[in-house]
Amino acid sequence: MVETIEQETRLTAGFTGRSVLDARVLAAMLSVAREDFVEAGQKANAYVNSPLPIGYGQTISQPFIVALMTDLLEPRANDVILEIGTGSGYQSAVLSCLVRKVYSIELVTDLAERAAQRLASLGYDNVEVKAADGNLGWAEHAPFDGIIVTAAGPSVPPALIQQLAVGRRLVIPVGSRYSQELQRLTKNQQGEVDVENILPVSFVPLRNG
Ligand code: SAH
């Protein structure tokens, strides 16, 4: 799977501007068993570079996209990261290997509960999951050293920009229902964001709670 990620990184370098991903990110991808995060009937496909169904019409993202979004966040060991769209918990697990603490919000209560249980039973003990509307962020733990949104909306929720630390990154797919652009926003000293368009992508919708 990691070889495929490396290959796809090279193939998309014209868009993303990166022909290699951070070695720490690739090591985290290697250390998390994706099969633990997919449904029983999907185990055989766990290491294929494609999204897979996780119930409720939602998907676990494609491994390459998980790796790319993690790399774009530029995570550091002491960081506190916010994720919107816990889903299976796979992206949270990858981040949990790289940073101090991951807060993750999932709108579907059953998915949130299952992901929290799965992460705890696999020993990812620096991840906290709550069932809520991620559009509002998680003010209690802000500011965050990075925010990653794994569902797509027409625009960036303002609360997330507010809750981002200065100098740090928010990675989010922005666009219409079936076609979006993966964007990276960096908050500057004035509290405004600089926007980079990284890659055309297709995510499930970021819904309103
Ligand atoms: N990161 C996940 C991918 C999940 S797909 C993984 O690694 O498996 C996107 C998820 O976002 C879905 O589970 C969906 O229910 C959730 N979602 C959609 N709108 C949301 C919102 N407003 N707040 C929180 N989660 C939301």
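Just so you know, ligand 1 is whichever comes first in the structure, and atom 1 is the first atom listed for that ligand.
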Self-check item: salt bridge (Lys or Arg N to Asp or Glu O under 4.0 Å) partners of E74, counting only residues at least two apart
Solution: R169, R184

Practice problem: Using the side chain to side chain contact (heavy atoms under 4.5 Å, CB included) rule, pick out the option among I147, L136, N135 that qualifies with P157. | Solution: N135

Cut-off 3.5 Å, no hydrogens considered: what does the side-chain donor-acceptor table look like for residues 108-115, sequence neighbours left out?
from : atom 1 : to   : atom 2 : distance (Å)
D110 : OD2    : Y56  : OH     : 2.6
D110 : OD2    : R114 : NH1    : 3.1

Practice problem: State which residue, out of L170, L164, I148, I105, fulfils the side chain to side chain contact (heavy atoms under 4.5 Å, CB included) condition with L82. | Solution: I105

Quiz item: How would you list all residue pairs meeting ring pair (Phe, Tyr, Trp, His ring centres under 6.0 Å) that involve residues 9-42, not counting sequence neighbours?
Solution: F37-Y90

List, pair by pair, the atoms of ligand 1 and of the protein that are both N or O and lie under 3.5 Å apart, giving the separation rounded to 0.1 Å.
from     : atom 1 : to   : atom 2 : distance (Å)
ligand 1 : 1 (N)  : E83  : OE2    : 3.0
ligand 1 : 1 (N)  : G85  : O      : 2.9
ligand 1 : 1 (N)  : T150 : OG1    : 3.1
ligand 1 : 7 (O)  : Q91  : N      : 3.0
ligand 1 : 8 (O)  : S88  : N      : 3.1
ligand 1 : 8 (O)  : S88  : OG     : 2.6
ligand 1 : 13 (O) : E106 : OE1    : 2.8
ligand 1 : 13 (O) : E106 : OE2    : 3.3
ligand 1 : 15 (O) : E106 : OE2    : 2.6
ligand 1 : 15 (O) : R207 : NH2    : 3.0
ligand 1 : 19 (N) : R207 : N      : 2.9
ligand 1 : 22 (N) : D133 : OD1    : 2.9
ligand 1 : 22 (N) : N135 : ND2    : 3.4
ligand 1 : 22 (N) : R207 : O      : 2.7
ligand 1 : 23 (N) : G134 : N      : 2.8
ligand 1 : 25 (N) : L107 : N      : 3.1

Practice problem: State, to 0.1 Å, how close A28 and V94 come at their nearest heavy-atom pair, and which atoms those are. | Solution: CB-O, 3.8 Å

